[in-house]
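What follows is a single structure, written as structure tokens, with notes after it.
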Amino acid sequence: KMLNDLPEIKTLQQLADYQDPSSSFSKVRKKHVTVLAKNADGLKEVFELVSLSHVKYLAELSKSGGTIVAEPRIPRSEIEKRRKNGNILIGSSCLNGDVFEIAQTRGDRYLKEVIDFYDYIEIQPLANYMQLVHRHAIDSVDRLKEILKSIVDVAKACGKIVVASGDVHYTHPEQKRLRDIYICAQGVGGIHHPLYIF
């Protein structure tokens, strides 16, 4: 029905070309990655990525009553540009990364394609994923274990290093209080943290 308003569009490629590439990154679903600096030059490249994400690629999510809700993002092309120098490593991150999502929703063929992008693949303790079981996004702990085993198996078949990580956000037990406040506080524009339990 919407295509009736655009009679000049005849193919999917024309439709894709119709969008504004300078703002399309703010409309796609974001995925987490881990970027590690291997040396001083890598640290400079990480700082460049952070600066670009806050200046050039800040995604405006909404405007309401004079309040702008935005978040920093970085396109994959900017990461790829900097990784060519060999100064940074790219990890698959947490359950909010595309490796976990593809393992959960698609087969091993698609998972292999996604894993090829990363230098190493991260697997975290079962407790880090349990919110998905509690929210019924994943049927059971057994299904969760199948997903994680699939990630490990495909990563090894692709020759990728699999590392155990913890998605750690603080180093001392008393810092948990600060993390809990951060999670429970409303963000700019009334946005809640993804881990906030309503």
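In this structure, the side chain to side chain donor-acceptor pair (under 3.5 Å) partners of D153, at least two apart in sequence or on a different chain, are K149. Remark: R76 engages D98 in a salt bridge (charged side-chain N to carboxylate O under 4.0 Å, His left out) (not counting sequence neighbours). Every residue meeting the side chain to side chain donor-acceptor pair (under 3.5 Å) condition with S150, not counting sequence neighbours, appears here in chain and number order: D108.
For residues 147-168, no residue pair satisfies the ring-ring contact (aromatic ring centres under 6.0 Å, His included) rule, not counting sequence neighbours. Screening residues 38-48 for salt bridge (Lys or Arg N to Asp or Glu O under 4.0 Å), with sequence neighbours left out, gives E48-R82.
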Output side-chain donor-acceptor pairs under 3.5 Å for residues 154-166, partner residues at least two apart or in another chain, one line each.
| residue | atom | partner | partner atom | Å |
| --- | --- | --- | --- | --- |
| K160 | NZ | D116 | O | 3.3 |
| K160 | NZ | Y118 | O | 2.6 |
| S165 | OG | E122 | OE1 | 3.1 |

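Linking ILVMFWY residues whenever their side-chain heavy atoms come closer than 4.5 Å, directly or via other members, leaves L148 and Y120 in distinct clusters. The cluster map of Ile, Leu, Val, Met, Phe, Trp and Tyr, joined by side-chain heavy atoms under 4.5 Å apart, puts L36 and L49 in different clusters. There is no path of hydrophobic side-chain contacts, each under 4.5 Å, that joins L43 to L89.
The CZ atom of F100 sits 8.5 Å away from atom CD1 of I123, with the distance rounded to the nearest 0.5 Å.
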From CA spacing to verdict: salt bridge (Lys or Arg N to Asp or Glu O under 4.0 Å), E146, R143: CA-CA 5 Å; E146 287 174 15; R143 173 65 182 134; 3.4 Å; yes

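Using modelled atom types and a 3.5 Å distance limit, the side chains of R179 and Q175 yield no donor-acceptor pair.
Between the side chain of E78 and the backbone N or O of P75 there is no donor-acceptor pair closer than 3.5 Å. Without hydrogens or angle criteria, H172 side chain to Y170 main chain gives no donor-acceptor distance under 3.5 Å.
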